[in-house]
Protein chains: 2
Amino acid sequence: MPQPHERIFKALADPTRRAIFERLCRDGDQTVAALTARAGVSQPAVSKHLGVLKQAGLVRDRHEGRNTHYSAELGALAPLIDWTNQMAGFWQSRFDNLEDLLKRMDR
Amino acid sequence: MPQPHERIFKALADPTRRAIFERLCRDGDQTVAALTARAGVSQPAVSKHLGVLKQAGLVRDRHEGRNTHYSAELGALAPLIDWTNQMAGFWQSRFDNLEDLLKRMDR
DNA sequence: TTTATAAATAGCCAGCGAGTTATCGATTAC
DNA sequence: GTAATCGATAACTCGCTGGCTATTTATAAA
């Protein structure tokens, strides 16, 4: 329901969660146990973080026996990139308008 | 002390704050009163949000008489873009490694 | 000089969110 | 079949954050 970048910003605002995501980007596929080993927080905490990342579309999960593997969904960063570009676009067009104005004042 | 993208992610995670920043990008220079008029929250709330955005380096303020004008500091989005590229880079290099592996297996 | 306005600060409160431990369901190993 | 392991869920605590009103400080207007 919220705009795509809404959940993404919130998901990535937490350092622990961002670290998990970074790790998945760096090293690929990981089980919850493997992620927990390096997260510095308890396993349930990691599970919750993974849930949030999943809701934001930033990770996928894959069940394999009693293990669950998570992996980064890199395409999910697109809304964030789009948003950034949009901000830059606003900036640019304001700059263009200023240029226009100066040009008009010039003649 | 925190990494630059840390404060930026946190600052932009809040919808009200992000809306203020978007408005500054879109429409440029704004007084606190002007921002408050559209923010849907009280003036002190807006001031606090502007403080957070300023700490994150996302906005500048300029005093003019009893008015304070804020404007977006677009360059401040760079760490965010860098971070995104870095994630994409990790992804790419893992892909490259996989390619290498397949190549080695091939011969 | 008094009054009014802009914006920041102080102080408070409620809700959320990240953490914990305990538990449960599912799967594998013995 | 029983025990052990993986991961998710439940239930709780606690600190932080976003909101408010009231106040303060600074500047402008009367």
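In what follows, chains are A, B, ... by sequence order, proteins preceding strands, each numbered from 1. Here the structure is a predicted model, which means the values were calculated and not measured.
- The distance from atom NZ of A:Lys10 to atom P of C:dG17 is 6 Å, rounded to the nearest whole Å.
- With A:Arg26 contributing its side chain and B:Phe90 its backbone, the two residues share no donor-acceptor pair below 3.5 Å.
- Looking only at side-chain heavy atoms (C-beta outward), A:Asp61 and A:Leu50 stay at 4.5 Å or farther from each other.
- Using a 4.0 Å cutoff on non-hydrogen atoms, the parts of residues 15-42 of chain A near DNA chain D are A:Thr31, A:Val32, A:Ala33, ordered by number.
- In this structure the side chain of A:Leu12 reaches within 4.5 angstrom of the side chain of A:Leu77, judged on heavy atoms.
- Using a cutoff of 4.0 Å between basic side-chain nitrogens and carboxylate oxygens, B:Glu6 and A:Arg18 are scored as salt-bridged.
- Using a 4.5 Å heavy-atom threshold, the side chains of A:Thr84 and B:Thr84 count as separate.
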Under 3.5 Å, sequence neighbours excluded: what are the donor-acceptor pairs made by side chains of residues 36-46 of chain A?
unit_1  : atom_1 : unit_2  : atom_2 : d
A:Thr36 : OG1    : A:Val32 : O      : 2.8
A:Ser42 : OG     : A:Ala45 : N      : 3.4
A:Gln43 : NE2    : A:Ser47 : OG     : 3.2

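- Among the atoms of the strands shown, only primed sugar atoms or phosphate atoms (P, OP1, OP2) are found under 4.0 Å from some heavy atom of B:Thr68.
- A nucleotide of DNA chain D counts as in contact with chain B when one of its atoms lies under 4.0 Å from a heavy atom; the first and last such, 5' to 3', are D:dG18 to D:dA28.
- Atom NE2 of A:His49 and atom P of C:dG17 are 12 Å apart (whole Å).
- Residues of residues 51-64 of chain B having a heavy atom closer than 4.0 Å to DNA chain D: none are found.
- Under the side-chain contact (heavy atoms from CB on, under 4.5 Å) criterion, B:Arg62 pairs with B:Asp29, B:Glu64, B:His69, not counting sequence neighbours.
- Applying the ring pair (Phe, Tyr, Trp, His ring centres under 6.0 Å) definition to pairs two or more places apart or across chains, those involving residues 9-52 of chain B are B:Phe9-B:Trp83.
- Nearest-nucleotide assignment on DNA chain C puts the 5′-proximal partner with B:Gln43, out of B:Gln43 and B:Lys48.
- No side-chain heavy atom of A:Glu73 sits under 4.5 Å from any side-chain heavy atom of A:Leu58.
- Here the CG-CG distance, from B:Leu74 to B:Leu24, works out to 11.5 Å after rounding to the nearest 0.5 Å.
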